[in-house]
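Notes follow once the structure below has been shown.
Within every chain, numbering begins at 1; the chains are lettered A, B, ... in the order of the sequence lines, protein sequences first and strands thereafter.
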There are 2 protein chains.
Amino acid sequence: METLRERKKRHTRESLLRAALELFTTKGYEQTTIDEIAEAVDVSQRTFFRYFAGKEDVAFAVQRMTEAAFVEAVRARPAHEAPMKALRQAFLEGWDTIRGTVESVVPVELYLRMYRTIDATPALLAAHLRRSAAAEEALARVLAEREGVDADTDPRPRLTVAVFGGVIRVTERQWCTSDDLSVESIRTLTATYLDQVGSALTGNWRGTPGR
Amino acid sequence: METLRERKKRHTRESLLRAALELFTTKGYEQTTIDEIAEAVDVSQRTFFRYFAGKEDVAFAVQRMTEAAFVEAVRARPAHEAPMKALRQAFLEGWDTIRGTVESVVPVELYLRMYRTIDATPALLAAHLRRSAAAEEALARVLAEREGVDADTDPRPRLTVAVFGGVIRVTERQWCTSDDLSVESIRTLTATYLDQVGSALTGNWRGTPGR
DNA sequence: CAGGTTAGTGACAGCGACTGCCAATTGACA
DNA sequence: TGTCAATTGGCAGTCGCTGTCACTAACCTG
């Protein structure tokens with residue numbers, strides 16, 4: 001069980017997190033100062049930095065949770081599944097269980113709105129892409145292990161994950177700029193785009209559709 | 001022709017650029033202050049900011065040139081070439097002509113060393129990935145136009161460019177961590193990895209090679 | 001080539017993110 | 001209840017970056 005001190009700490013941390021995301025999504029990331037976040041929770045600026053490494057850190061606190069869940073989901077996929085299929089299934093699964101992963105800390109709706117803010121803020125978009133790259137490295141290792149190849153010398157796990165990640169980013173971007181910011185929306189968009197990769201790579205697009 | 005004022009400006013700018021890259025690659029990006037760069041060229045800190053928007057801006061000044069050259073090279077490719085092929089050829093071409101593109105401003109060797117610094121510095125890596133994403137958007141539009149599809153509704157140009165970009169980033173990363181930091185090295189590595197994408201995506205790796 | 005115009009510069013003040021340090025407070029536990 | 005350790009606030013300082021203003025050097029015109 002939890003001591004009073006621990007309860008207070010958790011409360012402060014979560015209050016800071018919620019206040020930060022609320023401010024970021026409403027008045028913008030750059031326009032929000034650390035002092036404002038701290039003031040909203042009635043702690044000193046110094047205390048904010050004891051809970052989060054910086055402005056960027058608090059912005060991605062929730063993303064960190066969902067990312068970790070995704071990597072674990074890939075690891076948990078049945079061993080006979082082909083790499084690309086495992087990535088795809090784990091990812092869609094991640095969106096199915098997003099409520100349970102996130103809601104204990106912040107409302108899912110706030111989490112989803114944050115995606116838009118990230119996409120619209122150059123500094124955050126950059127950080128997001130770097131975080132994605134780091135995640136891809138972890139995923140490549142998982143795939144390499146699943147398939148019994150050497151992650152350091154065989155480029156195929158990394159290439160596969162890079163292609164998958166590329167599609168995911170196209171999907172995210174499209175979703176962020178659409179007006180339907182719902183979980184179902186990104187789920188179906190992801191599935192659709194993953195299906196289209198094959199035909200996109202063959203070239204010769206002139207005959208057919210644009211979704 | 002060039003007036004005295006313009007000559008002085010160009011000289012100041014290029015001196016700042018060279019000094020910055022030299023400092024970044026030797027003592028590290030984070031460890032280098034703007035004051036040091038300005039001092040090395042004997043101008044005020046304020047003057048530095050009149051030539052470059054910030055620390056990040058000067059770090060990518062040369063990359064900006066090569067990127068622009070790459071996008072143009074894709075645009076200049078024969079219209080009958082398949083999208084993926086056009087990207088590949090333009091990219092390899094870019095490395096063939098890198099000397100002519102860069103050497104007038106900084107030594108190629110310094111430009112290449114800068115890649116390692118970018119890869120090793122989280123803040124720069126993030127910025128690099130965001131810049132790549134922006135470049136991919138431009139490339140997608142070029143491909144869409146070449147193939148006569150609508151860049152806004154048809155996902156295939158963006159998907160193709162995302163896959164290509166993904167492979168390029170895997171390649172860059174591998175190259176940066178290798179000990180052969182030469183133009184030939186990244187050229188051949190790129191070609192090899194692009195060739196492997198197809199077989200990587202089919203799954204079923206157990207039979208064959210790791211490069 | 002004298003004199004006014006303009007571009008480029010340096011110095012200074014100030015903001016926001018972030019860190020180190022020390023003193024005060026508050027919960028934990030004997 | 002008193003002691004100890006964890007948590008906090010305040011303060012000073014660094015670095016990236018911006019606005020302002022006066023000053024100088026280059027340009028141009030007569």
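- Put simply, CG on B:L124 is 12 Å from P on D:dG16, counting in whole angstrom units.
- When the P atom of D:dT14 is taken as reference, atom CD1 of B:I34 falls 17 Å away, rounded to whole Å.
- When rounded to the nearest whole Å, the span between CD of A:E30 and P of D:dT18 equals 11 Å.
- The nearest whole Å value for the distance from the CZ atom in A:R13 to the P atom in D:dT8 is 13 Å.
- Salt bridge annotation for B:E137-B:R158: absent, with no cationic side-chain nitrogen under 4.0 angstrom from a carboxylate oxygen.
- Per the geometry, CG belonging to B:D35 stands 17 Å off P belonging to D:dG13, to the nearest Å.
- Comparing B:F49 and B:L4, the nucleotide of DNA chain D nearest to each residue sits closer to the 5' end for B:F49.
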Protein-to-nucleotide contact annotation, 5' to 3' order, nucleotides 8-14 of chain C [B base; S sugar-phosphate only; - none; under 4.0 Å, heavy atom]: SBBB---

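- With sequence neighbours left out, B:R46 forms a salt bridge (charged side-chain N to carboxylate O under 4.0 Å, His left out) with no residue at all.
- Nucleotide C:dG20 holds its C1' atom 18 Å from the CZ atom of A:F48, rounded to whole Å.
- The closest side-chain donor-acceptor pair between B:S182 and B:D180 falls under 3.5 angstrom.
- Taking the six-membered ring where tryptophan is involved, the planes of B:Y115 and B:Y111 are perpendicular, since the angle between them exceeds 60° and thus also 30°.
- Between the side chains of B:T47 and B:S44, at least one donor N or O sits under 3.5 Å from an acceptor N or O.
- Donor-acceptor pairing under 3.5 Å is lacking for the side chains of B:T192 and B:D195.
- One interatomic measurement links the two molecules: OH of A:Y29 to C1' of C:dG16, which rounds to 12 Å at whole-angstrom precision.
- A straight line from CD of B:E56 to P of C:dA17 spans 17 Å, rounded to a whole angstrom.
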